[in-house]
Amino acid sequence: MSDNKILKRANELFEEIRTIRRDVHKHPELGYHENRTSALIKAKLREYGVDNIEQPTPTSVVATIVGRKGEGKTIALRTDIDALPINEETGLEFASENDGVMHACGHDFHVSMMLGNAEMLSEMRDEFCGRVKIIFQHSEDTQPGGAKELVAKGVMEDVDAIVGLHVLPDENPEEYGKVCFRSGPMTTSADLVQVTVTGLGGHSSQPHLLHDPVLAASQMIVLLQQIQARYTDANETAILPITYIRGDSAINVVPERVEFGGAARTYNNEVRKVIEDQVYKIGRGVAEMSGCTVDVNYVKGYAPVINDKELTALSRVATADAIGEDRVIDLERPMNFSEDFSAYSDVSGKPGTFMILKAGNAGHYAPLHNPASTLNEETIPYGMAAMVATAIRYLNEDCSA
Ligand SMILES: [Zn+2]
Ligand SMILES: [Zn+2]
């Protein structure tokens, strides 16, 4: 089957996959609670006749499809399956039936496309050597994230390379169905910085007798913004917006305690370490200066996704052959969101590549994680073809490995 046949077959499966997509969209489930979703995935995988189905955790599903062209490598294709705690406001006829839960990050698209990939790859066993492992990962949008758990369960042990895809809504109609590639950094890290400043509260007429946690917290928040300005390379991205501050009191009462926090993001693991060290250092300095106690809780979240150069190049060529060079985009800049896909390569050291499918919108543009976010279903076959073409190209480069 040539690469063009991959897109042709993906197009033939379109209505079936769209039906699955709408079903999943209508029944979203939060991370770690994807019971209906994983049951649906297993039922479809059995129908498609994959070689093996496992559940490393209660709501994740891993399927294996063995090629018939002989021994070879193993490539993993990964999708996430969870939804978000958002009240859907799209007005779609297949809108969420679960109050307060919505597939607003496109994981319903991801699930259905990946089931389509499983169906295609099962049909195409004669066309490749080695094995494809399909990972339906639970809880991407709820930290600590399912990826780390699956890696800890050994899911990457027999895998040589891993490929992931995320949809992205788009305003521009001409960009629909294009697939974006980038070698090197693709998404940011996301570490949580949570700080509690405890002082000595009291009457605001006598601040000299107190240790004011409001002033200390204010100074620390400003100092945190100097990390990027003075401690990291100007060519590197490093942001740490503080998103909450709580110190409830009365207008004439200095409070005992102030809490604040935010997320630190960068594309570089070395910069990430600098940020972490500086946050602690600033905390110690402000404590010394103010007489307050400063408790810093720096929670390592998702690492940046760093796309492997060779695997990304292979995936790009395979995708261009399958869907046309005019539908391939070489991204100049990485995405400014984070993804726990990074855990698969980060922990295992295996090469990974993460692509973006420009998925338009269904008549009204809104970004991901927005209650009005919609996607254009016509883009489904392009995402499927990109992943299947990548898997087959990778495996057939090295038969009897
Ligand atoms: Zn998300
Ligand atoms: Zn997502």
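Whatever order the structure lists ligands and atoms in, that order sets their numbers, starting from 1. Counting begins at 1 with the first residue of the sequence.
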- Message: So, 2.8 Å as the limit: is an N/O/S atom of H107 located closer than that to the Zn ion (ligand 1)?
- Response: no
- Message: Looking at the Zn ion (ligand 1), is there an N, O or S atom belonging to D141 that lies under 2.8 Å away from it?
- Response: yes
- If you measure from the Lys or Arg side-chain nitrogens to the Asp or Glu carboxylate oxygens, is any gap between D346 and K148 under 4.0 Å? no
- Query: Taking NZ, NE, NH1 and NH2 as the nitrogens, is one of them in D277 or K281 under 4.0 Å from a carboxylate oxygen of the other?
  - Reply: no
- Message: For the residue pair R78 and Y344, would you count it as a cation-pi contact if the rule is NZ or CZ under 6.0 angstrom from the ring centre and within 45 degrees of the ring axis?
- Response: no
- Query: Counting backbone and side-chain atoms alike, does H110 have an N/O/S atom under 2.8 Å from the Zn ion (ligand 2)?
  - Reply: no
- Message: Is it the case that atom CG in N336 sees more than 12 heavy atoms from other parts of the structure closer than 6.0 Å?
- Response: no
